[in-house]
2 protein chains.
Amino acid sequence: MATPSMEDYLERIYKLIDEKGYARVSDIAEGLEVHPSSVTKMIQKLDKDNYLIYEKYRGLILTPKGKKMGKRLMDRHELLENFLTTIGVHEDNIYKDVEGIEHHLSWDSITCIETLLEYFRRDPNRADELMNVRKELEAEN
Amino acid sequence: MATPSMEDYLERIYKLIDEKGYARVSDIAEGLEVHPSSVTKMIQKLDKDNYLIYEKYRGLILTPKGKKMGKRLMDRHELLENFLTTIGVHEDNIYKDVEGIEHHLSWDSITCIETLLEYFRRDPNRADELMNVRKELEAEN
DNA sequence: TACTTGGCGTAGCCATTGCTATATTTCCCC
DNA sequence: GGGGAAATATAGCAATGGCTACGCCAAGTA
Ligand SMILES: [Mn+2]
Ligand SMILES: [Mn+2]
Ligand SMILES: [Mn+2]
Ligand SMILES: [Mn+2]
């Protein structure tokens, strides 16, 4: 099983390859706000666990296992960002919160959150009513 | 700032005192599924950080700071359990998921989840409609 | 082709939080 | 009041995942 930190790296690597075609140590480090030496160490662990194939100083590619996991992680992250946005969390808090919680939800919970999002998408009035509840609660205090 | 682990211990201690009047090392260990030696060590850290006052072999009491934090943590945990229950997560997954995510949500997010819960409480039809969406999505696959 | 330099890798440290093994204290029962 | 068991404390180890300091590689420039 992948640790939260391993998931963060895998997700970032998947996204970099998806968007730029490759994932370099320095890009990963910048994205995750860690030092390059930490990236090297983690890449070696992900290689050992067969999420990717790594050649020192040259580059890395994701294995099928790594691609599959990476995509799931990226989708999960996006879903959770949409969820927090929908319920009205301030933009500035969303990324950090999602980075934290994404590693701790069962796929059951993920599915239920997906359903909840679909519920709000199907009828925009619902989100409006949610915001009305919010305003009423705020007025009480 | 308290780490996730510190929060787990504080929450458990608060709850034990709330329910039984006292919190013993062995009860804390059982509740958190760790060994008693781990509890002793953490209690000493929480003492050092002024969340509680600890007398070796005798017992502990929460400081005002510890009580305030403990209550907030317990309320937050309960809120998140209610949230996952409401959106239809299976009972067996709820405790573990909440134990994980509770440490990673801003108070902004917590407030928005509170609002969402109130939204579903105010009109039980809404939860019914959510379950309808769920059934439709399930039928598609 | 040789030098330089920025990117990358390695070694070793630290904090955190768990564990086991062992020591100490307390409490209960005789 | 003393002995022994249960509870608790301490010491020391391990895994994880950061960091700094320093060494190495290779691409690009002169
Ligand atoms: Mn994350
Ligand atoms: Mn993420
Ligand atoms: Mn927890
Ligand atoms: Mn909790």
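Sequence lines set the chain letters: A, B, ... in the order given, protein chains first and strands last, and positions in each chain run from 1.
Checked against salt bridge (charged side-chain N to carboxylate O under 4.0 Å, His left out), A/Glu118 has the following partners two or more places apart in sequence or in another chain: A/Arg121, A/Arg122.
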Can you check nucleotides 1-4 of chain C for protein contacts, nitrogen or oxygen pairs under 3.5 Å, and list what you find?
none

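Distances shown here put a side-chain N or O of A/Tyr9 below 4.0 Å from the OP1 or OP2 atom of D/dG18.
Candidate nucleotides D/dG12, D/dG17, D/dT10 were compared by shortest atom distance to the side chain of B/Thr40, and D/dT10 ranks first. Across D/dG17, D/dC19, C/dT17, the shortest atom-to-atom separation from the side chain of A/Lys45 is found for D/dG17. The nucleotide whose nearest atom lies closest to any side-chain atom of A/Lys41 is, among D/dT8, D/dG18, C/dT17, D/dG18. Closest to the side chain of A/Arg24, from the set C/dC8, D/dT10, D/dC19, is C/dC8. Side-chain proximity of A/Arg58 to the nucleotides D/dT16, D/dA21, D/dA27 is greatest for D/dA27.
For the residue pair A/His77 and A/Glu99, a side-chain donor N or O sits within less than 3.5 Å of a side-chain acceptor on the partner. Side-chain atoms of A/Ser109 and B/Asp97 form a donor-acceptor pair, as typed in the model, at a separation below 3.5 Å.
Taking atom CG of B/Leu32 as the reference point, atom C1' of C/dT17 lies 12 Å away to the nearest angstrom. Taking atom OH on A/Tyr57 and atom P on D/dA27, their separation rounds to 12 Å, with Å as the unit. Rounded to whole Å, atom P of D/dA7 lies 11 Å from atom CD of B/Glu30.
Using a distance-only test at 3.5 Å, with no hydrogens or angles considered, no donor-acceptor pair links the side chain of A/Asp49 to the main chain of A/Tyr51.
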